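Structure record follows, encoded as structure tokens.
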Amino acid sequence: MPPLSILTYSFTVPQSAIDEYGHVNNVIYVQWMQDAATRHGEAVGYKQPENTGWFIREHRIEYLASAFLGDEIEVRVWVAEWKRVRAQRRYEFIRKADGKIIAKGETQWIFVELTTGRPIQIPADMIALFPIPAEQIDSAASAP
């Protein structure tokens with residue numbers, strides 16, 4: 001499969017995401033970020049090298065508006081930066097009804113050798129699967 005700079009897909013907010021205040025619970029966005037990263041990998045045919053894994057070092061989320069049961073959400077995810085052992089993914093969640101960005105975030109991922117638990121260099125062929133967009137999404141420039 002070809003490299004993919006930005007993955008975009010949509011889903012409808014399920015009842016299981018709604019909290020006692022009637023909107024999407026804040027912690028649900030962390031799960032959605034994880035799901036987006038997984039989908040991005042699947043979209044390009046990413047195969048995890050043996051005895052390696054990705055550990056999360058840091059999540060950042062900025063909540064800009066609420067989402068509610070039945071809202072259709074568009075997700076955008078991309079790799080914004082590659083370092084020797086780290087990758088930074090960015091995310092946007094847009095309510096399709098009005099085009100409003102309801103949340104944006106980023107995750108710093110560390111590539112690890114599982115036997116030792118130590119960070120290792122990210123292979124060049126892996127980096128090639130997720131090129132950094134030539135022009136990053138405007139609103140992401142101010143990501144948290």
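This structure is a prediction, so every number in the text was calculated from the model and none was measured.
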Is [X] linked to [Y] within one hydrophobic cluster, defined over Ile, Leu, Val, Met, Phe, Trp and Tyr using a side-chain heavy-atom separation of less than 4.5 Å?
X	Y	result
Ile120	Trp54	yes
Val85	Ile132	no
Ile56	Phe130	yes

State the [atom1]-[atom2] distance between [X] and [Y], to the nearest 0.5 angstrom.
X	Y	atom1	atom2	answer
Thr116	Asn51	OG1	CG	8.0 Å
Thr52	Leu114	OG1	CG	6.0 Å
Leu129	Met126	CG	CE	8.0 Å
Arg95	Ser66	CZ	OG	8.0 Å

Applying the side-chain contact (heavy atoms from CB on, under 4.5 Å) criterion to Ile110, which one of Arg57, Glu58, Arg118, Lys83 satisfies it?
Arg57
If you look at every heavy atom in [X] and [Y], which pair is closest and at what distance?
X	Y	result
Glu72	Ser10	OE2-CB, 3.8 Å
Ala43	Leu4	CB-CD2, 3.8 Å
Ile122	Ala87	CD1-N, 4.4 Å
Ala37	Tyr91	CB-OH, 4.1 Å
Ala65	Tyr29	O-OH, 4.4 Å
Val112	Gly117	CG1-C, 3.4 Å

Between [X] (side chain) and [Y] (backbone), is there a donor-acceptor pair under 3.5 Å?
X	Y	result
Tyr63	Asn26	yes
Asp71	Ile73	no
Trp78	Pro131	no
Arg89	Gly105	no

Any heavy-atom pair between the side chains of [Y] and [X] that's under 4.5 Å?
X	Y	result
Ile61	Met33	yes
Val77	Arg39	no
Ile102	Leu64	no
Glu74	Thr8	yes
Glu113	Pro119	no

Salt bridge Arg60-Glu62, side-chain N to carboxylate O under 4.0 Å:
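Looking at Arg60 and Glu62, the cut-off is not met.
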Is any NZ, NE, NH1 or NH2 atom of the basic residue among Arg90 and Glu106 found under 4.0 Å from an Asp or Glu carboxylate oxygen of the other?
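The answer is yes: the pair qualifies as a salt bridge.
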Under the side chain to side chain contact (heavy atoms under 4.5 Å, CB included) criterion, do Arg86 and Phe111 qualify, and how do the steps go?
CA-CA 6 Å; Arg86 295 183 282 145; Phe111 193 56; over 6 Å; no
Going by the angle between their ring planes, with limits at 30° and 60°, are Trp32 and Phe93 parallel, tilted or perpendicular?
tilted
Just checking, is any N or O donor in the side chain of Tyr46 or Gln48 under 3.5 Å from an acceptor N or O on the other one?
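Checked: Tyr46/Gln48 side chains pair up, N/O donor to acceptor below 3.5 Å.
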Quick one, Val13 with Phe68, criterion side chain to side chain contact (heavy atoms under 4.5 Å, CB included). Give me CA distance, side-chain angles, the key distance, then yes/no.
CA-CA 7 Å; Val13 174; Phe68 302 94; over 6 Å; no
More than 12 heavy atoms from other groups under 6.0 Å of CD on Glu20
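Check passes, neighbour count above 12.
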Run the side chain to side chain contact (heavy atoms under 4.5 Å, CB included) check on Gln34 and Val30 step by step: do they pass?
CA-CA 6 Å; Gln34 174 77 31; Val30 174; 5.9 Å; no
Strictly under 6.0 Å, is that where the ring centroids of Phe55 and Trp109 end up?
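Judged by ring-centre distance (under 6.0 Å), Phe55 and Trp109 do not meet the cut-off.
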